[in-house]
Amino acid sequence: MGQLVICDHPLIQHKVTFIRDKMTNTKQFRELVDEVSMLMAYEITRDVQLSPVRVDTPVQTTEGKVIAGRMLGLIPILRAGLGMVDGVLRIIPSAKVGHIGLYRDHETLQPVEYYCSLPSDVTERELIVIDPMLATGGSANAALDMLKKRGCRPTKLMCLIAAPEGVKAVQEQHPEIDIYLAALDERLNEHGYIVPGLGDAGDRLYGTK
Ligand SMILES: O=P(O)(O)OC[C@H]1O[C@H](OP(=O)(O)OP(=O)(O)O)[C@H](O)[C@@H]1O
Ligand SMILES: O=c1cc[nH]c(=O)[nH]1
Ligand SMILES: [Mg+2]
């Protein structure tokens, strides 16, 4: 079973509180999501392999460590996943980005696929699927299915807020995936929204409601 990691660094928890706040405006919301995503990228890259190199300081030669060329790909789920990409890219600038378009049908809560564009070398990369909200888990599972069907290797799912129902659904359908969250909330409501959550992440990022 993959790990379930709650990124409980105080800076992340502080910012998530303001992300949840309904008084936070679109500009502040976008900035906070960007900042939390950057901070979460530290946790997500914790297992990156290092290799030794010699480095000449002004004083003497010593041994340093550099990242051992692991190839990463970021796969945001449109729309809301886009709000997290730049923050992660600030920490992992060499990652390539592919896009999966999914929206959740408001009646059935089932994900509807409308776009998929992946980097040409995507099958050689370790992929991190990115979406701020993991509610029923339908969208994350559909994205992971789409990637696996194309011969790709997703290893991590990065979300801001999840409901226990969504975590369970991903763990059942894709048990090897490591899930990284800033918060694990109480439950879903009758409309499939996370409680207490933050509302509709896409609408809050882009000011569409
Ligand atoms: O776990 P689930 O029950 O599938 O719900 C989570 C999905 O819902 C939201 O997207 P939405 O459908 O609102 O699309 P948007 O990003 O375009 O707003 C969110 O960004 C996830 O993709
Ligand atoms: O609470 C939720 C659930 C799904 N999608 C959102 O944007 N928010
Ligand atoms: Mg939405």
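We count ligands from 1, going down the list as the structure has it; atoms in each ligand are counted the same way. Note that the coordinates shown come from a computational prediction; the quantities given were computed from them, not determined experimentally.
Listed by number with element, the atoms of ligand 1 under 4.0 Å from a non-hydrogen atom of Gly138 are 1 (O), 4 (O). Listed by atom number, the atoms of ligand 1 under 4.0 Å from Asp200 heavy atoms are 13 (O), 18 (O). Those atoms of ligand 1 with a heavy atom of Gly202 less than 4.0 angstrom away are 18 (O).
The shortest N or O to N or O distance between Ile77 and ligand 1 is not below 3.5 Å. Considering backbone and side-chain atoms alike, Tyr114 places every N or O at 3.5 Å or more from each N or O of ligand 1. Some N or O of Ala135 is nearer than 3.5 Å to an N or O of ligand 1, by distance alone. Residue Gly137 places at least one N or O, backbone or side chain, under 3.5 Å from an N or O of ligand 1. The shortest N/O to N/O separation between Asp203 and ligand 1 does not fall below 3.5 Å.
The OG1 atom of Thr17 lies 11.5 Å from the CG atom of Leu198; values are rounded to the nearest 0.5 Å.
Under the 4.0 angstrom criterion, atom 10 (O) of ligand 1 counts as lacking any protein heavy-atom contact. Within the 4.0 Å cut-off (strictly below), a protein heavy atom is located near atom 19 (C) of ligand 1.
Among all non-hydrogen protein atoms, the one lying nearest atom 3 (O) of ligand 1 is Thr136 OG1, 2.5 Å.
For atom 5 (O) of ligand 1, the candidate residues are Arg104, Arg204, Arg79; the nearest heavy-atom contact is made by Arg104.
At least one heavy atom of Leu78 sits closer than 4.0 Å to an atom of ligand 1.
Among the atoms of Asp203, none of the N, O or S atoms falls under 2.8 Å from the Mg ion (ligand 3).
Proximity of a side-chain donor or acceptor of Asp178 to a complementary backbone N or O of Gln3 within less than 3.5 Å is detected.
Judged by a 6.0 Å distance limit and a 45° cone about the ring axis, Arg79 is not positioned over the six-membered ring of Tyr115.
In this structure, Arg204 and Thr24 have side chains that are in contact, with non-hydrogen atoms separated by less than 4.5 Å.
Within 4.0 Å of ligand 2, the residues that place a heavy atom are Arg104, Met133, Ala135, Gly192, Tyr193, Ile194, Gly199, Asp200, Ala201, listed by chain and number.
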